[in-house]
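Just so we're clear, the structure is a prediction, and the values are computed from it rather than from any experiment.
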Amino acid sequence: MSAVGHPVKIRGRAARAALLLPTLAALALGGCAGGDFGRTRRDFVTDDMHRWIGAEATGSIGLKASAFQLTDQERTMRDMAYPLIEAPHARPAWKSVFGDYQPIAAPWRQQPPFDRTAYGKLLIDEPHRSHSSRYNQLIQDVRNDLTMFEPFQFTAARVLELDQKRNASLKYVSDLSPRERDDAVARMEENALIVQWVQQCLRRRASSYRWALERLVIMAPDGVAADADRLIAELEAQAANIGLVAKPPVQGGAVVRKG
């Protein structure tokens, strides 16, 4: 069973984004525990702290996780995936409160169903000094997602490109045991499913942001709404383009639910 599909296509800005990988990886890790002045608690962070993402992705559709150790790039991809699969309104909590960090259910078995209105309602209901600050918060949240997504896309493209080579090499490995083959295939499935998971979350985020923007426009029209609309459209395009990176590894894979 092949776990990889179409050739990898990397956007033009991705090469530049590669320079940000060490910084973004550190931020992804640093945001998951509340130490002094935002520093990561050393008794909590481990190299494989986000390994569970792959096991959750495969387990959610009835597949087994691979027993192989993570490569450096696979580990980085999981670190970068976490802040993208976390609900946007929950991000401040896990940045500051150690106890709020917890595994997240994959979209294939998330309950309750996704609610696209949750982010907008929180944005509107929270006290703000003016409607401009709500627009600014929305724009900042979308920009943050775009900033985090670019290095994730670069890393994911590299991981899945190497998986294509892994998949092609299986028939040439001497004395390949069934267990080794199963673990190799499982790892390819994991990696592709993580990309699909992020894609679904980006689509959901964009849907949530658009719902919020539409409410802000009718509540307090402002010329800055055009900037927000442009950024949301860019996020929607990014979510669509990431689908070119990974072909669904299993029959009837991810399905986006609109709430």
Side-chain angles (χ1 to χ4, degrees), residues 11 13-14 16-34 37-40 50 53 76-97 100-102 104 107 114-126 128-157 194-195 197-216 222 224-242:
R11 295 176 64 86
R13 295 186 299 168
R16 175 171 51 83
L19 299 175
L20 298 175
L21 289 179
T23 300
L24 268 292
L27 289 175
L29 287 172
C32 295
F37 303 104
R39 289 191 293 265
T40 305
H50 293 123
I53 293 177
T76 297
M77 186 178 80
R78 284 154 177 76
D79 291 341
M80 290 180 170
Y82 186 84
L84 290 170
I85 65 178
E86 177 78 6
H89 63 268
R91 195 176 304 141
W94 66 253
K95 275 191 173 182
S96 59
V97 182
D100 284 351
Y101 176 84
Q102 58 184 340
I104 304 166
F114 166 65
D115 179 8
R116 71 188 292 254
T117 72
Y119 170 84
K121 289 177 179 177
L122 186 64
L123 180 68
I124 293 169
D125 292 343
E126 282 184 335
H128 285 265
R129 299 182 66 179
S130 69
H131 71 272
S132 296
S133 64
R134 290 186 172 88
Y135 277 107
N136 291 338
Q137 182 64 58
L138 173 61
I139 288 172
Q140 186 61 50
D141 287 343
V142 181
R143 281 178 174 161
N144 286 343
D145 286 347
L146 288 168
T147 299
M148 289 188 294
F149 172 72
E150 191 169 356
F152 170 82
Q153 184 187 40
F154 180 88
T155 302
I194 290 171
V195 174
W197 187 346
V198 170
Q199 180 184 32
Q200 285 208 51
C201 289
L202 285 178
R203 289 175 174 171
R204 291 177 173 185
R205 284 172 182 269
S207 178
S208 295
Y209 294 144
R210 191 160 294 287
W211 188 94
L213 177 61
E214 291 168 353
R215 269 63 196 174
L216 286 176
D222 192 300
V224 77
D227 293 332
D229 180 72
R230 175 180 55 80
L231 288 170
I232 294 171
E234 183 177 352
L235 187 63
E236 291 169 337
Q238 295 281 26
N241 288 336
I242 196 174

J.: How are the rings of Tyr82 and His50 set to each other: parallel, tilted or perpendicular (split at 30° and 60°)?
T.: parallel
J.: What distance do Leu213 atom CG and Ile139 atom CD1 have between them, rounded to the nearest 0.5 Å?
T.: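 Taking CG in Leu213 and CD1 in Ile139, the distance rounds to 8.5 Å.
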J.: Please report the interatomic distance CZ(Arg215) to CG(Leu138), rounded to the nearest 0.5 Å.
T.: 13.0 Å
J.: Aromatic rings Tyr135 and His131: how do their planes relate, parallel, tilted or perpendicular, breaks at 30° and 60°?
T.: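 Plane angle over 60°, so perpendicular.
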J.: Does Pro107 reach the side chain of Phe114, with side-chain heavy atoms less than 4.5 Å apart?
T.: no
J.: Looking at Gly120 and Ala212, what are the two nearest heavy atoms and their distance?
T.: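 Scanning both residues completely, I find the closest heavy atoms to be CA-CB, 3.6 Å.
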J.: When rounded to the nearest 0.5 angstrom, what is the spacing between CZ in Arg143 and CG in Leu235?
T.: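 Atom-to-atom, Arg143:CZ and Leu235:CG are 13.0 Å apart.
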J.: Heavy atoms only: give me the nearest Glu236-Ala206 pair and the separation to one decimal.
T.: CG-CB, 3.5 Å
J.: In Å, rounded to the nearest 0.5 Å, how long is the span from CD1 of Ile85 to CD1 of Ile53?
T.: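 Reported value, rounded in 0.5 Å steps: 4.5 Å.
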J.: Work out which heavy atom in Pro83 is nearest to a heavy atom in Met148; give both atom names and the distance.
T.: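 The answer is CB-SD, 3.7 Å.
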J.: Working to the nearest 0.5 angstrom, can you tell me the gap between Cys201 SG and Asp145 CG?
T.: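 Answer rounded to 0.5 Å: 10.0 Å.
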J.: Is there side-chain contact between Leu84 and Trp197, with at least one heavy-atom pair below 4.5 Å?
T.: no
J.: Where do Arg134 and Leu123 come nearest, in terms of heavy atoms and distance?
T.: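 That would be NE-O, 3.3 Å.
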J.: Return the set of residues passing side-chain contact (heavy atoms from CB on, under 4.5 Å) with Arg230 (not counting sequence neighbours), or none when no residue passes.
T.: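 Arg230: side-chain contact (heavy atoms from CB on, under 4.5 Å) contacts with Asp227.
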J.: What closest approach, in Å, do Ala239 and Arg203 show between heavy atoms, and which atom pair accounts for it?
T.: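 Shortest heavy-atom contact: CB-CG, 3.8 Å.
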J.: With a 4.5 Å limit on heavy-atom distance, are the side chains of Asp229 and Arg210 in contact?
T.: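 Touching, per the 4.5 Å side-chain cut-off.
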J.: Locate the shortest heavy-atom distance separating Tyr119 from Ser208; write the atom from each residue and the value.
T.: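 Result for this residue pair: CB-CB, 4.0 Å.
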J.: Does Asp222 have any salt bridge (Lys or Arg N to Asp or Glu O under 4.0 Å) partners at least two apart in sequence or in another chain, and if so, which?
T.: none
J.: Between Gln140 and Asn136, is there a side-chain donor-acceptor contact under 3.5 Å, judged purely by atom types and distance?
T.: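 Per modelled atom types, Asn136 and Gln140 side chains form no pair under 3.5 Å.
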J.: Could you tell me the separation between the CD1 atom of Ile232 and the CG atom of Asp141, rounded to the nearest 0.5 Å?
T.: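 Here the rounded value is 10.5 Å.
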